[in-house]
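In what follows, a single structure is set out as structure tokens and then discussed.
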Amino acid sequence: MSENIELKVYPDTIKIDGDLLSFKGKDLETHQTRLVKYRLEDEKEKEFFTTNWRTLVIQGEFEEQEVEGIRNLNGFDYAHYLEITNVSSQIKLTHIKDMKKEKVPLYQLNWKLKELRRVCIVHNQKQFGMLTQNYMNSLLFGFQDNTPDNYQQTWKKLGVAHLFSLSGMHIYFFLTLFDYILLRLSICRDKVFKLNLLFTFILVSLTGLGPGMVRAGLQHVIKRLNQRFEWILSPLDCWSIALFINCLFSPYVLLTVGGQLTYYLTFLIIVIMPIIEKIENVFYQGIFFNILLSVLSLPLIWYYFYEWNVLSFIINLILGPILFIVIMPLLLFSFAASFVLINNHFIWLEKILIIFQSIGNKTNELTLFKQVVGKLPLWLLILLVLSQLFILIEWEKRKCWFSRKVLVLGSLTILVPFFKYLNPYGTLAIVDIGQGDSIFLQLPFHQGNYLLDTGGALGFDVEEWQKRSDKRGADYTIIPFLKSVGVKKLDTVFISHAHEDHFGDLDRIGESIDVKSICYGPGSFEQSNFRKYLALPQFERTNKKAVTNRNSWQKKGIKLDCLYPIETGDGQNNDSLVMMLGVQNKKILLTGDLEKEGEVDLMNQNDVDLKADILKAGHHGSNTSSQPDFLDKVSPEIAVISCGKNNRYNHPSKETLDNFSDISTTVYRTDLNGMVYFKWSAFSNSFSEPFIMK
């Protein structure tokens, strides 16, 4: 249902991806902040929003959009994220009735700074190459597009993303430079002090008011006031006051990942500094400080990001000085010079950053050093943090670095990467990847990880200006889920047939997770759209094998039989791999997109027993599958239908649901229930009832 709303657009939140415009706006009637999505009508409209830096007031028709919570195990709770970032709702702008530029009065400094920030972002997009503007907007103005191909993804995978997220190190870089310039201009220290405080406020606003910058700005101001007026506050006092003030204006700051990381790490810095100062050699102080802080940050990194890179210790030591001594000064100098020089004078900077980025990309390819830990239980996170604090207390009290207590408590952190191998439970999950299929099987004690289909979306031809960044469903669904359960390597990926909603995200999964082997029907290999995926560089060392009903696998208490196809087909729906999975005392039939004709062929095989306890329904619950005769043969107690919420095909069909109802089968659907998953224990014959996310 549409409603008429008048919104005042925050200019520095405008983001454009192809023909998709998004921004935050203030509802002038309710004064609430709303997140707005709008599909641009033409190239001219795109150009207007791309270059606009003024505050806009838009009157139009809007539709309320449902904001999803968690749909997969350990998934991202987007609804909770919007709530804690003070966004009341997400709406879709369907029609612009009126739009005007509003002249913001000078006394509304907050809006003026937002416009100034937007001016700088637009200026960078015009003046610099793609990589340069990404680095510059991120490191100077805290503006990120958060797309999968964002340059920061490389450094995130290497475990050093904090160096590229504006925080205390960056604010001290800017403030030190600011003080140095003013003092060189012979401005007295009293005026420098006052100007420094004003500049801190402007700087924090221009960089987007991120948790790290707000914390750093508050702490800096309190420290300077403490020094000036001799309040005799300790560093921990300054930290506590900064946190208190921050919570007054942003009560949910400690519920955000950025807020937790910035306050926890700065708390650790305060705690470890007395320990570091005991080391006489300044060079060794720096090395030990970086290594110690990296180790102490691991529990939170594991808990939220599920992975880390062993090389991050070394990269931190090398990259930090390069970033703040070389990259940041170059970016700042180029930004200042760009108001005088035209854009082709900065090609050299783009080339330097391309080389810099390629080094990071090459380092990322060293998969030997990647560790996927999985999501830690909350109790283990608390235990790790407490053990590390006890170690720091022990070190501060004693001169001896190693004692029995330190070794015992320190071993907890060292052993955590192996925690996943102690999990006695296996998992079978029908992942909610939208309109498509993806089924994951993990054996107890992490003895095997298997994936049947990857999901994916059909591409549509659009004009050049409408093309969006390479965002994939896998980046937000299957890949985070796999990493959350500790998957670094997939033993086998089975592809049911050559349709993009079943294999389209295979390439993206292969970029993030090692794939040992890929199995598919011989008919799928005949399809060029699928065969080109197998030729991708990430699968160069992957074993590739066509399978038929003559293939079966058995490992660690599970048995997997391929029942179909019988011969080489066309790689379409009725050529889908049909698999019978035996786990404990349960049989699970997985049918891909098999339709009526394929179901008949399957039933005509006299030596095949189709009776199963659980059925993954064929073709997303379409009425072309799950025919009554076939369901009578299978006679499942539970059926799971994998289909997208509000999908364009109206899957599942009423006819299919009625067919299941006629045989008293309990039906679960990913569009309504989110991920549907089952668990079993290595120490018993029990197989759980289905767990659902909604």
Side-chain angles (χ1 to χ4, degrees), residues 72-75 157 159 294-313 366-388 407-429 431 439-452 478-494 509-510 512-517 542-543 553-560 581-584 675 677-688 691:
N72 288 299
L73 192 63
N74 304 321
K157 291 175 183 177
S294 297
V295 171
L296 292 172
S297 66
L298 284 177
L300 278 179
I301 290 173
W302 288 336
Y303 185 76
Y304 284 113
F305 305 113
Y306 318 136
E307 61 182 334
W308 68 300
N309 196 305
V310 178
L311 292 176
S312 62
F313 300 132
L366 303 174
T367 57
L368 176 65
F369 299 98
K370 291 182 181 178
Q371 297 296 323
V372 181
V373 178
K375 188 173 182 66
L376 303 184
L378 182 60
W379 65 265
L380 183 55
L381 171 67
I382 295 171
L383 183 62
L384 280 174
V385 171
L386 290 177
S387 69
Q388 291 181 343
L407 291 174
V408 170
L409 293 173
S411 64
L412 289 175
T413 302
I414 296 172
L415 294 175
V416 162
F418 305 99
F419 178 78
K420 63 185 180 183
Y421 297 104
L422 302 178
N423 181 11
Y425 292 99
T427 301
L428 173 67
V431 185
I439 302 165
F440 173 67
L441 175 68
Q442 183 174 72
L443 303 190
F445 301 111
H446 210 77
Q447 292 302 298
N449 296 289
Y450 305 90
L451 193 66
L452 173 56
I478 185 66
I479 293 175
F481 167 66
L482 292 176
K483 291 185 176 181
S484 78
V485 292
V487 176
K488 178 184 177 182
K489 176 185 70 176
L490 285 165
D491 294 273
T492 305
V493 174
F494 296 92
I509 289 174
S512 301
I513 297 169
D514 293 337
V515 177
K516 190 174 179 181
S517 68
T542 301
N543 295 322
W553 301 264
Q554 191 163 355
K555 182 180 180 182
K556 305 293 181 181
I558 69 163
K559 190 171 189 298
L560 185 64
L581 172 65
V583 181
Q584 304 292 58
M675 175 189 283
Y677 64 102
F678 306 83
K679 285 186 172 291
W680 74 93
S681 171
F683 300 119
S684 71
N685 292 324
S686 64
F687 193 86
S688 76
F691 296 95

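Computed from a predicted model, the values in this text were never measured in an experiment. All values below come from the heavy atoms of this structure, side chains included, with hydrogens, waters and symmetry mates left out.
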Distance-minimising heavy-atom pair for Gln371 and Val310: CG-CG2, 4.0 Å
Residue pair Pro299 / Val385: nearest heavy atoms and the distance that separates them: CB-CG2, 4.3 Å
Charged tip of Lys679 within 45° of Phe687 ring normal and under 6.0 Å: no
Any Phe313 side-chain heavy atom under 4.5 Å of Val295 side chain: yes
Pair Ile509-Leu490, side chain to side chain contact (heavy atoms under 4.5 Å, CB included): steps then yes or no: CA-CA 10 Å; Ile509 289 174; Leu490 285 165; 4.0 Å; yes
Gln388 side chain near Thr413 side chain, heavy-atom distance below 4.5 Å: yes
Side chains of Leu428 and Val583 in contact at under 4.5 Å (non-hydrogen atoms): no
Closest contact, heavy atoms only, Met675 versus Ala429: SD-CB, 4.0 Å
Distance, nearest 0.5 Å, that separates OG of Ser681 from CG of Asn423: 9.5 Å
Rounded distance (nearest 0.5 Å) linking atom NZ of Lys375 with atom CG of Leu381: 8.5 Å
Minimum-distance pair of heavy atoms, taken over all atoms of Pro444 and Pro424: CB-O, 3.3 Å
Nearest heavy-atom neighbours spanning Gln442 and Val487: NE2-CG2, 3.9 Å
Check against side chain to side chain contact (heavy atoms under 4.5 Å, CB included), Leu378 and Tyr303: CA-CA 8 Å; Leu378 182 60; Tyr303 185 76; 3.9 Å; yes
Check against side chain to side chain contact (heavy atoms under 4.5 Å, CB included), Leu366 and Leu311: CA-CA 10 Å; Leu366 303 174; Leu311 292 176; 4.2 Å; yes
Over 12 non-hydrogen atoms of neighbours within 6.0 angstrom of CZ in Phe418: no
Atom NZ of Lys489 with >12 non-hydrogen neighbours under 6.0 angstrom: no
Working for side chain to side chain donor-acceptor pair (under 3.5 Å), residues Gln584 and Asn685: CA-CA 5 Å; Gln584 304 292 58; Asn685 292 324; 4.8 Å; no
4.5 Å side-chain heavy-atom contact, Asn449 and Phe440: yes
OG-CD1 distance between Ser512 and Ile478, expressed to the nearest 0.5 angstrom: 11.5 Å
Listed partners of Ser686 passing side-chain hydrogen bond (donor to acceptor under 3.5 Å, both in side chains), at least two apart: Ser684
Steps toward side chain to side chain contact (heavy atoms under 4.5 Å, CB included) verdict (Val373, Trp308): CA-CA 8 Å; Val373 178; Trp308 68 300; 3.8 Å; yes
Within the 6.0 Å centroid threshold, strictly below: Tyr677 and Phe691: yes
CD1-CG distance between Ile301 and Leu296, expressed to the nearest 0.5 angstrom: 10.5 Å
Atom of Gly448, atom of Asp491 and distance for their closest heavy-atom approach: CA-OD2, 3.4 Å
Thr492 and Asn543, any side-chain heavy atoms less than 4.5 Å apart: no
Contact check, side chains of Tyr306 and Leu376, non-hydrogen atoms, under 4.5 Å: no
Validation row, ring centre Trp302 to ring centre Phe419 under 6.0 Å: no
pair Ser688-Trp680: side-chain heavy atoms closer than 4.5 Å: no
Name of the residue among Lys483, Lys157, Lys370 meeting side-chain hydrogen bond (donor to acceptor under 3.5 Å, both in side chains) with Glu307: Lys483
Residues that Ser484 engages under side-chain hydrogen bond (donor to acceptor under 3.5 Å, both in side chains), provided they are two or more places apart: Asn74
Within-4.5 Å side-chain heavy-atom neighbours: Leu482 and Ile513: yes
OG1-CG distance between Thr367 and Asp514, expressed to the nearest 0.5 angstrom: 4.5 Å
Nearest-0.5 Å distance, OG1 of residue Thr427 to CZ of residue Phe678: 11.5 Å
